[in-house]
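Structure record follows, encoded as structure tokens.
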Amino acid sequence: TEVLVRYAMKGRLRVTTNDHQLAALLLFDSSRSDLITFGAVRAATVLEPREAKLALLAMLKSKFLACDGGAKHSAWTDATKFKIRREFKSVRNRVNLNVPVSADGLRSTPAAAVESTEVRRERELKLQAAIVRTMKARKYMSHQAIIAEAITQCKKWFTPKVAVIKKSLEALLEQEYISRDDKEGENGETTRGYSYVA
């Protein structure tokens, strides 16, 4: 979940959180205080101690919160206090607080491991669009060149795997945006390639 935080970085900060972290942050808002206790987080969110600790540890790791008990979660009690760091600074206006945590027996699952179908589909479409744009401009490309170019084009969003690029090429062949166009070289070797279908 992406949330606009008005009390840090002059109200320009957007943070990405999981549901448990969002519940803890909303507790700061509803209590109208910069300080809350671990007990208050557990009572208000009805989270198991382990889940509450993981949510708070990730925000401590990102330096978004401060804790009077430090980062050693095994020493936390219901009276342990957490404070919002209003002086929090980041070079980016968007910060991901949902970072993987591993501390003294507590381990969270990385967010990237749970890739949703929507994200996968959106990436496939971006990849296909990049391939079509490139092919429209160049008219013909070898198999290796189109794979390298697809990785370069998509790098600002994500790094596509070669298997995913091949799957996208197959989809574009089926939709007749491109066609197979193997060229025979001077030495008799065949170079796999594709041509743009206007």
Side-chain angles (χ1 to χ4, degrees), residues 1-127 151-152 154-164:
T1 310
E2 191 174 271
V3 184
L4 179 65
V5 178
R6 298 201 182 277
Y7 42 76
M9 290 174 56
K10 298 178 183 172
R12 292 193 314 267
L13 177 65
R14 290 183 179 276
V15 293
T16 304
T17 65
N18 64 29
D19 293 341
H20 298 164
Q21 291 168 328
L22 180 60
L25 288 177
L26 288 173
L27 186 58
F28 281 102
D29 276 356
S30 62
S31 65
R32 298 188 187 280
S33 171
D34 284 0
L35 273 176
I36 56 170
T37 63
F38 183 61
V41 170
R42 286 186 49 218
T45 60
V46 198
L47 289 173
E48 293 293 322
R50 180 184 182 281
E51 298 303 322
K53 285 178 178 182
L54 283 171
L56 293 167
L57 274 169
M59 291 193 281
L60 282 173
K61 184 178 177 181
S62 303
K63 308 232 184 307
F64 192 72
L65 291 182
C67 174
D68 69 351
K72 190 144 179 71
H73 67 84
S74 54
W76 292 355
T77 65
D78 281 352
T80 303
K81 292 187 184 92
F82 293 87
K83 181 182 187 296
I84 287 273
R85 293 184 65 238
R86 289 183 181 270
E87 68 278 9
F88 178 83
K89 292 226 179 333
S90 172
V91 261
R92 295 192 174 120
N93 286 348
R94 282 187 161 83
V95 176
N96 183 13
L97 298 180
N98 190 15
V99 292
V101 174
S102 177
D104 297 334
L106 282 183
R107 186 177 299 271
S108 65
T109 53
V114 190
E115 188 183 54
S116 72
T117 317
E118 284 178 31
V119 171
R120 216 170 20 250
R121 182 69 186 135
E122 188 177 321
R123 286 180 175 182
E124 282 173 11
L125 291 173
K126 275 188 176 166
L127 178 58
I151 292 170
T152 306
C154 294
K155 209 180 276 183
K156 58 186 162 197
W157 300 299
F158 64 99
T159 306
K161 293 182 177 149
V162 174
V164 177

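Basis for what follows: all heavy atoms, side chains included, without hydrogens, waters or symmetry-related copies.
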Taking only residues two or more places apart in sequence or in another chain, which ones pass side-chain contact (heavy atoms from CB on, under 4.5 Å) with [X]?
{"X": "Glu87", "result": "Arg85"}
{"X": "Ser30", "result": "Leu27"}
{"X": "Val164", "result": "Leu127, Lys161"}
{"X": "Val162", "result": "Ile147, Lys166"}

Once rounded to the nearest 0.5 Å, what's the spacing between atom [atom1] of [X] and atom [atom2] of [Y]?
{"X": "Phe64", "Y": "Gln21", "atom1": "CZ", "atom2": "CD", "result": "10.0 Å"}
{"X": "Phe158", "Y": "Arg120", "atom1": "CZ", "atom2": "CZ", "result": "12.5 Å"}
{"X": "Met59", "Y": "Asn98", "atom1": "CE", "atom2": "CG", "result": "10.0 Å"}
{"X": "His73", "Y": "Cys67", "atom1": "NE2", "atom2": "SG", "result": "11.5 Å"}

Decide side chain to side chain contact (heavy atoms under 4.5 Å, CB included) for Arg121 and Glu124; before the verdict, give the C-alpha distance in whole Å, the side-chain angles of both, and the deciding distance to 0.1 Å. CA-CA 5 Å; Arg121 182 69 186 135; Glu124 282 173 11; 3.3 Å; yes

Would you check if [X] and [Y] make a side-chain contact, meaning some heavy-atom pair closer than 4.5 Å?
{"X": "Lys81", "Y": "Ile36", "result": "no"}
{"X": "Leu13", "Y": "Val95", "result": "yes"}
{"X": "Cys154", "Y": "Thr159", "result": "no"}
{"X": "Val3", "Y": "Leu25", "result": "no"}

Show the numbers, then the answer: is there a side chain to side chain contact (heavy atoms under 4.5 Å, CB included) between Thr17 and Leu97? CA-CA 5 Å; Thr17 65; Leu97 298 180; 4.0 Å; yes

Qualifying residues under salt bridge (charged side-chain N to carboxylate O under 4.0 Å, His left out), relative to Glu48, sequence neighbours excluded: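 Per chain and number, Glu48 pairs via salt bridge (charged side-chain N to carboxylate O under 4.0 Å, His left out) with no residue.
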
For residues 15-44, which residue pairs qualify under salt bridge (charged side-chain N to carboxylate O under 4.0 Å, His left out), counting only residues two or more places apart or in two chains?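 Salt bridge (charged side-chain N to carboxylate O under 4.0 Å, His left out) check on residues 15-44 returns Asp34-Arg86, Arg42-Asp78.
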
Residue list, side chain to side chain donor-acceptor pair (under 3.5 Å) with Arg14, at least two apart or on another chain: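 Partners of Arg14 by the side chain to side chain donor-acceptor pair (under 3.5 Å) criterion come out as none, since no residue qualifies.
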
Ignoring hydrogens, what is the shortest heavy-atom contact between Thr16 and Asn96? Give both atom names and the distance.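 The pair with the smallest heavy-atom distance is O-OD1, 3.4 Å.
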
Shortest non-hydrogen contact between Ala52 and Val41, atoms and distance: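 That would be CB-CG1, 4.4 Å.
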
Applying side chain to side chain contact (heavy atoms under 4.5 Å, CB included), run through Asp68 and Thr80 and close with a yes or a no. CA-CA 6 Å; Asp68 69 351; Thr80 303; 3.4 Å; yes

Test side chain to side chain contact (heavy atoms under 4.5 Å, CB included) on Phe82 and Thr37; report intermediate values, then the result. CA-CA 6 Å; Phe82 293 87; Thr37 63; over 6 Å; no

So which pairs with a foot in residues 16-43 pass ring-ring contact (aromatic ring centres under 6.0 Å, His included), sequence neighbours left out?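 Pairs touching residues 16-43 that pass the test: Phe38-Trp76.
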
